[in-house]
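Counting from 1, the numbers follow the sequence of the chain as shown.
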Amino acid sequence: MKGSQEEGYRSRAVYKLSEIDQKDRLIMPGDTVLDLGAAPGGWSQYAATRVGVTGRVFAIDILPIAPIEDVVVVQGDIATESLSRELELRLKNEPVGLVLSDMAPNLTGIKAADQANSLGLARVALSIALNMLGPNGKFMVKVFEGEGTDDFRREITSSFCKVVVRKPQASRLESAEYYLLASKPTEVR
């Protein structure tokens, strides 16, 4: 965390996104990016530097997020119909180029429940991505290896032309987290 703060970022997680972005050319100038589960805002900060003046970044979280330069901060539950409608109005039917999801549930300490809750959030993110991505859109979602992860990966694979697994070096070695990066939805809204 200290290194990220010295560089002006709000969290160490920015290094995970940066690493994947450098490898996969994830964020392009002019993109519209939805950052789901954005608090404290490190990914949104990074995305804003990459989309440039012609792009837009929306940081969305249930938790409050302090203002971020060149980022639209939206507090609320992305799973609700009202927040989805609000986003659609703000987007003005503009296709989204990238949906990022680093969402994680409040942990209970019960592994099976935590895994199910995590996959539930990943499915919400997938639904948002399928509803809002444009024809060349990309979707990156955090998952934790465990029961149901293979089924979720098959769900994504059936909805996108290409899906790859990314485990950035910036992730802790002992962590079961990794990211699924999906490109080009098979059906566009």
Side-chain angles (χ1 to χ4, degrees), residues 1-29 31-52 55-78 96-111 113-115 117-126 128-129 138-146 149 152-153 156 163-183:
M1 177 80 174
K2 186 177 181 185
S4 59
Q5 287 177 339
E6 288 171 358
E7 292 183 40
Y9 290 110
R10 296 176 180 202
S11 70
R12 200 181 71 74
V14 73
Y15 299 119
K16 298 173 192 178
L17 178 59
S18 172
E19 184 180 328
I20 295 169
D21 181 38
Q22 289 172 27
K23 180 177 181 120
D24 294 291
R25 298 181 45 131
L26 191 60
I27 304 169
M28 303 303 291
D31 269 350
T32 295
V33 176
L34 298 183
D35 181 6
L36 309 178
W43 278 19
S44 293
Q45 282 180 293
Y46 176 83
T49 67
R50 299 285 293 135
V51 300
R56 299 190 325 170
V57 176
F58 292 83
I60 303 149
D61 205 302
I62 289 176
L63 301 173
I65 303 171
I68 303 169
E69 189 173 342
D70 299 323
V71 173
V72 177
V73 175
V74 181
Q75 185 177 356
D77 185 347
I78 193 64
V96 172
L98 174 63
V99 173
L100 298 170
S101 176
D102 199 31
M103 290 192 288
N106 291 327
L107 299 178
T108 65
I110 303 168
K111 189 173 181 172
D114 291 340
Q115 177 69 7
N117 291 338
S118 177
L119 284 173
L121 290 174
R123 284 187 171 91
V124 167
L126 174 60
I128 298 293
K138 297 175 190 165
F139 171 53
M140 188 174 85
V141 60
K142 175 171 63 180
V143 294
F144 293 91
E145 188 59 53
T149 307
F152 179 67
R153 189 183 306 175
I156 291 181
V163 178
V164 295
V165 173
R166 294 291 180 250
K167 172 85 173 177
Q169 289 181 338
S171 287
R172 290 185 171 86
L173 218 49
E174 68 276 4
S175 174
E177 82 173 6
Y178 62 90
Y179 296 88
L180 296 174
L181 174 57
S183 303

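- Taking the side chain as every heavy atom from C-beta outward, Ile78 and Met103 approach each other to under 4.5 Å.
- The distance from the CD1 atom of Ile156 to the CG atom of Leu126 is 5.5 Å, given to the nearest 0.5 Å.
- The main-chain N or O of Gly109 is found under 3.5 Å from a side-chain atom of Asp114 such that the two form a donor-acceptor pair.
- Applying the side-chain hydrogen bond (donor to acceptor under 3.5 Å, both in side chains) criterion to Asp24, with sequence neighbours excluded, gives Arg166.
- With respect to Met140, the side chain to side chain contact (heavy atoms under 4.5 Å, CB included) criterion is satisfied by exactly one of Val164, Asp21, Leu17, Asp102: Leu17.
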* Hey, mind stepping through Thr49 and Gln45 against side chain to side chain donor-acceptor pair (under 3.5 Å) and telling me if it holds? -> CA-CA 7 Å; Thr49 67; Gln45 282 180 293; over 6 Å; no
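- Judged as a side-chain hydrogen bond (donor to acceptor under 3.5 Å, both in side chains), and not counting sequence neighbours, the contacts of Lys16 are Glu177.
- Put simply, the residue from Val96, Val57, Val51 that forms a side chain to side chain contact (heavy atoms under 4.5 Å, CB included) with Asp31 is Val51.
- Listed for the Lys23 side chain is no donor-acceptor partner under 3.5 Å among the backbone atoms of Pro168.
- With a 4.5 Å cut-off on side-chain heavy atoms, Phe144 and Thr149 do not count as touching.
- Between the side chain of Asp35 and the main chain of Ser44, a donor-acceptor pair closer than 3.5 Å is present.
- Separating the CD atom in Gln75 from the CG atom in Asp61 is a distance of 8.0 Å, to the nearest 0.5 Å.
- Using a 4.5 Å heavy-atom cutoff, the side chains of Leu100 and Leu36 are not in contact.
- Residues satisfying the side-chain hydrogen bond (donor to acceptor under 3.5 Å, both in side chains) criterion with Arg56, sequence neighbours excluded, are absent altogether.
- Looking at Asn117, its side chain never comes within 3.5 Å of a backbone N or O of Pro105 through a donor-acceptor pair.
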